[in-house]
**Student:** 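Dropping the structure in here first, questions after.
Atoms within a ligand are numbered from 1 in the order they appear, just like the ligands themselves.
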Amino acid sequence: MSNNLFDFGMIGLGVMGRNLLLNTADHGFSVIGFDKDPAKTVALEAAATEGTTVKGVPDLAQMVQQLQRPRKLMMLVPAGKPVDDVIESLLPLVEKGDVIIDGGNSHYTDTLRRVKYLRDKEIHFMGVGVSGGEQGARTGPSIMPGGDLEAYAHVKPLLEAIAAKVNGEPCVAYLGKEGAGHYVKMVHNGIEYAIMQLISESYTLLKHAGLNNDQLHETFKAWNEGVLQSFLVEITADIFLQDDDKTSARLLDVISDKAGSKGTGKWTSQDSMELPVAVSVIDSAVAMRTVSGYKEERIQAAALYNEAGAPINVSTDEWIKQVHDALYFGTILSYAQGLAMLFQASKELAMDIPLPDAVSVWRGGCIIRSTLLATFTHAYKNTPGLSNILLDSGVAEIIKSVESNTRAVAAQAALSGIPAAALMSSLAYFDAYRSERMATNLIQAQRDYFGAHTYQRIDIPGTFHTEWNH
Ligand code: 6PG
């Protein structure tokens, strides 16, 4: 620490802020954290690794005054108004050239607004996605920064030091202009929603075949040792074994099925429609969390529509293999849709998002890390500027190898009445995407029929309208 000034400051010492700051200190940076709750500043200092420089203060001005210039400070506070409030309270304290980072899950349009607001005051504002939860923050998260390159240069060494490492490479890279960091994080979360939904569908599909929690554990554990290897499959395997400390049941079996959400999945769906780009697997995942909340109505509907569906018509071993392939298929489709969204958004919103770097940043530390990402890196290497990874021949080989089992699972789910919306969406999207000619010519005809909306022809250029034979 030179002149007793700190290298880095953190505003908000909740779980994420505290852990990220301790991680930063472990990498040799002197750090100072602010929280108006003095208990949190005390907890921060108490948790510091011996020999590191970590200070907690309950006064914002005190923190800002003790930072080296240009000041580098991050806030990890709830998205929305709290971020604006922090900015307003910082304004009288910071100076030209200082770098303020919002490391929370802010909506990118808020980030854009804040970047512009602070640019006028010659202060750098960066929207930075941070993924990995509590553990990731402490030992190495995946970090998705966006903003101006000059600001990034100031924080690059620090972010590279604290990020997760894969083969020695840090899981952080400059991901584009202005709101790009938060945009990439939003889409990361959309993919997270989709894969979580697909895993939960796999769980119910396997349960219908009679697998108990121990068998589910074994199945997911084995899957995590193969092509499905990923953080989410890994933690799912663990979840099946967790005992409840209040009853003799497994914890999973006493957890309510109403799913929560903080909104990033919904934002992904909403913003996809603005571009537009289809992210139907993500849409299904958001919708299923919503349906899960209608518990009372589901109880009524369960009584009303209580016919048992057809039994699963293959052996349990065969079913497990089919569900494995269906999950693999759906997972690839989830990434494909999310990455296609980033491709379009990068162009439409002029963010210049380097897709291979986004994929590389997701390889470690984050919730959607998986071995599959290496396949996508390969795809982008083969075809720079690839608009959809489904167009890559390597990805196509994988899809073809699991396609028939995916269809078998979707068909069985339909016959058995097992809800599998994300899986079915992934297949429906795939079948539309691989159709050279869709049935949307009929939609064009209908639009012209009732509203004179005109249509194009396949044989003659131009725009046409017909007086239909009513
Ligand atoms: C991450 C996560 C995290 C997110 C939680 C909860 O990358 O570490 O995406 O940022 O907040 O997963 O999200 P929901 O409450 O919306 O499920």
Side-chain angles (χ1 to χ4, degrees), residues 12 14-20 23 74-80 82-83 101-108 110-111 127-146 159 162-164 166 171-173 175 179-200 230-236 239 255-272 279 281-293 331 334-335 338 341-342 358-370 373 422:
V15 173
M16 291 297 284
R18 180 180 72 243
N19 282 301
L20 207 62
N23 175 6
M74 180 185 280
M75 66 182 96
L76 269 167
V77 298
V83 176
I101 298 172
D102 173 11
N105 280 332
S106 291
H107 193 264
Y108 80 98
D110 284 335
T111 305
V128 175
V130 179
S131 177
E134 180 176 358
Q135 184 68 16
R138 184 67 186 86
T139 59
S142 170
I143 307 178
M144 298 155 239
L159 295 182
I162 66 172
V166 172
C171 292
V172 56
L175 293 183
H182 278 147
Y183 201 96
V184 173
K185 178 60 172 40
M186 173 183 78
V187 174
H188 164 285
N189 282 28
I191 297 171
E192 171 185 307
Y193 272 53
I195 298 175
M196 288 169 75
Q197 175 63 27
L198 287 161
I199 291 175
S200 86
S230 61
F231 172 73
L232 285 169
V233 168
E234 181 188 335
I235 65 163
T236 303
I239 286 168
I255 292 180
S256 156
D257 62 357
K258 288 190 199 173
S261 63
K262 294 198 191 75
T264 45
K266 180 184 76 179
W267 293 347
T268 312
S269 286
Q270 288 173 329
D271 286 316
S272 76
V279 294
V281 193
I282 297 169
D283 300 341
S284 301
V286 174
M288 289 305 108
R289 288 201 196 186
T290 303
V291 172
S292 82
T331 302
S334 305
Y335 284 115
M341 179 167 171
L342 287 181
V359 167
S360 158
V361 161
W362 290 345
R363 283 178 310 159
C366 71
I367 306 297
I368 63 167
R369 62 186 185 259
S370 73
L373 291 166

**Student:** Give the residue, atom name and distance (to 0.1 Å) of the protein heavy atom nearest atom 7 (O) of ligand 1.
**Tutor:** S131 OG, 2.5 Å
**Student:** May I ask which of R289, H188, K262 has a heavy atom nearer to atom 15 (O) of ligand 1 than the others do?
**Tutor:** K262
**Student:** Using the side chain to side chain donor-acceptor pair (under 3.5 Å) criterion, which residues pair with S142? Sequence neighbours excluded.
**Tutor:** none
**Student:** Could you tell me which atoms of ligand 1, counted from 1 in the order shown, lie closer than 4.0 angstrom to a heavy atom of I367?
**Tutor:** 1 (C), 2 (C), 7 (O), 8 (O)
**Student:** Which residue owns the protein heavy atom closest to atom 10 (O) of ligand 1, what's the atom, and how far is it?
**Tutor:** K185 NZ, 2.8 Å
**Student:** Can you list everything that forms a salt bridge (Lys or Arg N to Asp or Glu O under 4.0 Å) with R18? Sequence neighbours excluded, please.
**Tutor:** none
**Student:** Can you see which heavy atom on S334 is nearest to which on V281, and at what distance?
**Tutor:** OG-CG1, 3.7 Å
**Student:** With a 3.5 Å distance limit and no angle check, can you tell me whether H188 reaches the backbone of C366 through a side-chain donor-acceptor pair?
**Tutor:** no
**Student:** Shortest non-hydrogen contact from Y335 to S370?
**Tutor:** OH-OG, 2.9 Å
**Student:** For atom 8 (O) of ligand 1, tell me which residue out of G104, G129, G132, P141 has the closest non-hydrogen atom.
**Tutor:** G132
**Student:** Can you find a non-hydrogen atom of C366 under 4.0 Å from ligand 1?
**Tutor:** no
**Student:** Students should be able to answer this: which protein heavy-atom is nearest to atom 12 (O) of ligand 1, and at what distance?
**Tutor:** E192 OE2, 2.6 Å
**Student:** Write down the atom of F231, the atom of I367, and the distance for their closest heavy-atom approach.
**Tutor:** CD2-O, 3.5 Å
**Student:** Among all the protein's non-hydrogen atoms, which is closest to atom 16 (O) of ligand 1, and how far away is it?
**Tutor:** Y193 OH, 2.5 Å
**Student:** Nearest protein heavy-atom contact for atom 11 (O) of ligand 1: which residue, which atom, what distance?
**Tutor:** N105 ND2, 3.3 Å
**Student:** Is N189 close to ligand 1, meaning an N/O of one under 3.5 Å from an N/O of the other?
**Tutor:** yes
**Student:** Has T111 got a side-chain atom pairing as donor or acceptor with G127's backbone, closer than 3.5 angstrom?
**Tutor:** no
**Student:** Verify side chain to side chain donor-acceptor pair (under 3.5 Å) between S106 and D102, making sure each step is shown before the conclusion.
**Tutor:** CA-CA 8 Å; S106 291; D102 173 11; 2.5 Å; yes
**Student:** Which ligand 1 atoms, with their elements, are less than 4.0 angstrom from a heavy-atom of G133?
**Tutor:** 8 (O)
